[in-house]
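The block underneath contains the structure these notes are about, expressed in structure tokens.
Start at 1 and go down the list; that is how both ligands and their atoms are numbered. The model shown is predicted, which means the values in this text are computed figures rather than measured ones.
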Amino acid sequence: MYDVCEWRHVFKLDPNKPISDEQLEKICESGTDAIIVGGTDGVTLENVLDLMARVRRYTVPCVLEISSLETITPGFDLYFIPTVLNSRNPKWITGLHQQAIKEYGEIMNWDEFSFLGYCILNKDCKAAQLTEADTELSKEDAAAYAMMAERMFHLPVFYLEYSGTYGDLEVVKEVKNALENTLLFYGGGVSNCEQASEMAAFADVVVVGNSLYENIDEALQTVTAVKGK
Ligand SMILES: CC(C)=CCC/C(C)=C/CC/C(C)=C/CC/C(C)=C/CC/C(C)=C/CC/C(C)=C/CC/C(C)=C/COP(=O)(O)OP(=O)(O)O
Ligand SMILES: O=P(O)(O)OC[C@@H](O)CO
Ligand SMILES: [Mg+2]
């Protein structure tokens, strides 16, 4: 079983965005701890299967982050199920999950699934808009969600999501202080070594996504910035 506790850096690839074989090889052999396949819109079973098969040529662990039921397919090493703790709509907190578990709970191999408590803080990102997230939060509000994730719900991961924009370090620090056992994933706007190491000082795992599609060479360097040589 893959030990997420040992991860420090992951790349998130969007099945809805094109990536060449050459770029994918560099990403998969970069020394990152895992590849997460996930995105909010335009994710289809076809593009998930295609990306999974291409990442599968390499030994790096490959995880599907589930954003819709239709795109779940066997073949990944692990499955992440997000719950958006600061959503205003219960559908994105427990609603879709309850429906899925009602249908598939008995046949699920629960060891393959891990659960991410999201707190989405960039109001303009697609995930915030889709899930009607309440992004107007103080650092104390965010830390309270983190404490809920750990103490109320015993979630293994709290995911501070700034997708598309670089986050507020003061919020990340406050959230980290609120957590003892639950891992802190930070994602959003990390595009260079300085930002990666700044976030890695507080987050357990730094997630790098969009910058791979903007400046891949700089994005690849975030691996050593987080993990060292
Ligand atoms: C292995 C196998 C075959 C199992 C079969 C059994 C089975 C079907 C089990 C299902 C189990 C289950 C409980 C599933 C959950 C179903 C579900 C749809 C839950 C909702 C998930 C959710 C809250 C989605 C909201 C969007 C979200 C948070 C997505 C995560 C990814 C993310 C944040 C991407 C970044 O998005 P963004 O940057 O804003 O946008 P783009 O990158 O796309 O531009
Ligand atoms: O795409 P970026 O902004 O790097 O964010 C990474 C990840 O947290 C997105 O879900
Ligand atoms: Mg994205």
Side-chain angles (χ1 to χ4, degrees), residues 9-17 27 32 35-45 47-49 52 62-133 135 155 157-167 172 184-192 195-196 199 203 205-216 218-219 222:
H9 179 284
V10 307
F11 281 128
K12 190 182 282 193
L13 292 177
D14 188 335
N16 192 32
K17 291 183 183 155
I27 293 166
T32 189
I35 304 291
I36 297 179
V37 171
T40 302
D41 66 347
V43 180
T44 64
L45 183 57
N47 59 27
V48 167
L49 280 169
M52 178 184 77
C62 186
V63 184
L64 178 66
E65 185 170 44
I66 296 172
S67 53
S68 74
L69 262 188
E70 301 71 44
T71 57
I72 305 177
T73 175
F76 285 88
D77 294 309
L78 199 61
Y79 296 83
F80 281 161
I81 300 182
T83 169
V84 181
L85 299 171
N86 63 326
S87 172
R88 294 190 181 90
N89 184 340
K91 168 181 171 182
W92 303 106
I93 309 171
T94 55
L96 290 170
H97 315 69
Q98 188 262 355
Q99 287 299 304
I101 288 167
K102 187 175 162 193
E103 193 161 348
Y104 301 105
E106 295 296 335
I107 59 148
M108 280 169 70
N109 174 3
W110 287 86
D111 292 341
E112 288 183 339
F113 291 85
S114 193
F115 301 89
L116 313 182
Y118 265 81
C119 180
I120 307 179
L121 290 179
N122 172 14
K123 70 174 172 35
D124 296 319
C125 78
K126 286 178 201 156
Q129 287 172 3
L130 175 74
T131 64
E132 301 160 58
T135 57
L155 290 168
V157 174
F158 183 74
Y159 195 133
L160 204 50
E161 173 68 281
Y162 279 92
S163 180
T165 186
Y166 192 64
V172 184
L184 174 59
F185 279 33
Y186 170 83
V190 172
S191 61
N192 59 46
Q195 291 172 335
M199 285 304 174
V205 176
V206 175
V207 184
V208 178
N210 285 332
S211 67
L212 284 169
Y213 301 92
E214 287 150 12
N215 184 341
I216 186 167
E218 234 182 337
T222 62

Does ligand 1 have a heavy atom under 4.0 Å from the side chain of I72, from its backbone, from both, or from neither? side chain
Is there a side-chain contact between L64 and M52, using heavy atoms and a 4.5 Å cut-off? no
Quick check: Y104 and ligand 1, any N/O pair under 3.5 Å apart? no
Heavy atoms of S67 and G39 approach each other most closely as OG-O, 3.0 Å
Quick check: does G189 get an N/O under 3.5 Å from an N/O on ligand 2? yes
Kindly identify the option in I81, L13, L96, L78 whose heavy atom sits closest to atom 17 (C) of ligand 1. L96
Taking only heavy atoms of E161, which atoms of ligand 1 are found under 4.0 Å from at least one of them? 33 (C)
Ligand 2 atoms in contact with N210 (distance to a heavy atom under 4.0 Å): 1 (O), 2 (P), 3 (O), 4 (O)
Under 4.0 Å from one or more heavy atoms of W92, ligand 1 contributes atoms 22 (C), 23 (C), 24 (C), 25 (C)
Going by side-chain hydrogen bond (donor to acceptor under 3.5 Å, both in side chains), name the residues that satisfy it together with Q129, two or more places apart in sequence or in a different chain. none
Nearest to atom 6 (C) of ligand 2 by heavy atom, S67, S163, G188: which? G188
Can you sort out which atoms of ligand 1 are near D14, meaning under 4.0 Å from one of its heavy atoms? 41 (P), 42 (O), 43 (O)
Note: heavy atom closest to atom 23 (C) of ligand 1, options P82, G38, G39, S68, belongs to P82
Proximity of M108 to ligand 1 by residue part, where a heavy atom lies under 4.0 Å: side chain
May I ask whether Y162 has any heavy atom positioned less than 4.0 angstrom from an atom of ligand 2? no
Which of the atoms of ligand 1 are close to A127, meaning less than 4.0 Å from one of its heavy atoms? 33 (C), 36 (O), 39 (O)
Minimum heavy-atom distance between A128 and T135, given as atom pair plus value: CB-CG2, 4.2 Å
Which ligand 1 atoms, with their elements, are less than 4.0 angstrom from a heavy-atom of I66? 21 (C)
Polar contacts were defined as any N/O atom of the residue lying under 3.5 Å from an N/O atom of the ligand; does this apply to V208 and ligand 2? no
Would you please classify the geometry between the Y79 ring and the F76 ring as parallel, tilted or perpendicular, with 30° and 60° separating the classes? perpendicular
What do you reckon, does E161 have a nitrogen or oxygen under 3.5 Å from a nitrogen or oxygen of ligand 2? yes
Nearest-0.5 Å distance, CG of residue L116 to CG of residue L155: 8.5 Å
Backbone N/O of I120 and side chain of N86: donor-acceptor pair under 3.5 Å: yes
Please say whether K12 places an N or O atom under 3.5 Å from an N or O atom belonging to ligand 2. yes
Consider every N or O of S163 and every N or O of ligand 1, then say whether any pair is closer than 3.5 Å. yes
Can you find an N/O atom of V190 closer than 3.5 Å to an N/O atom of ligand 2? no
State whether the side chain of N215 and the backbone N or O of S191 hold a donor-acceptor pair below 3.5 Å, judged by distance alone. no
Is it true that, when you exclude E214 itself, more than 12 heavy atoms of the residues, nucleotides or ligands shown sit nearer than 6.0 Å to its CD? yes
Once the angle between the rings of Y162 and Y186 is folded into 0 to 90°, is it parallel (under 30°), tilted (30 to 60°) or perpendicular (over 60°)? tilted
Enumerate the atoms of ligand 1 whose separation from the nearest heavy atom of A100 is less than 4.0 angstrom. 12 (C), 13 (C), 14 (C)
What is the distance from atom CG of L160 to atom CG of N122, rounded to the nearest 0.5 Å? 11.5 Å
Please state whether the rings of Y159 and F185 are parallel, tilted or perpendicular, taking 30° and 60° as the class boundaries. tilted
I need the atoms of ligand 1 closer than 4.0 Å to a non-hydrogen atom of T131, numbered in the order shown. 25 (C)
S211 touching ligand 2 at heavy-atom level, < 4.0 angstrom: no
Look up atom OG in S211 and atom CD in Q195, then write down how far apart they are to the nearest 0.5 Å. 8.5 Å
Considering all heavy atoms, the nearest C62-V37 contact: SG-CG2, 4.1 Å
What part of F76 sits under 4.0 Å from ligand 1 if we count only heavy atoms: the side chain, the backbone, both or neither? neither
Considering residues at least two apart in sequence or located in another chain, which fulfil the salt bridge (charged side-chain N to carboxylate O under 4.0 Å, His left out) criterion with K126? D41
Please list, in number order, the atoms of ligand 1 under 4.0 Å from a heavy atom of Y79. 1 (C)
Which atoms from ligand 2 have a heavy atom of G209 less than 4.0 Å away? 1 (O), 2 (P), 4 (O), 6 (C)
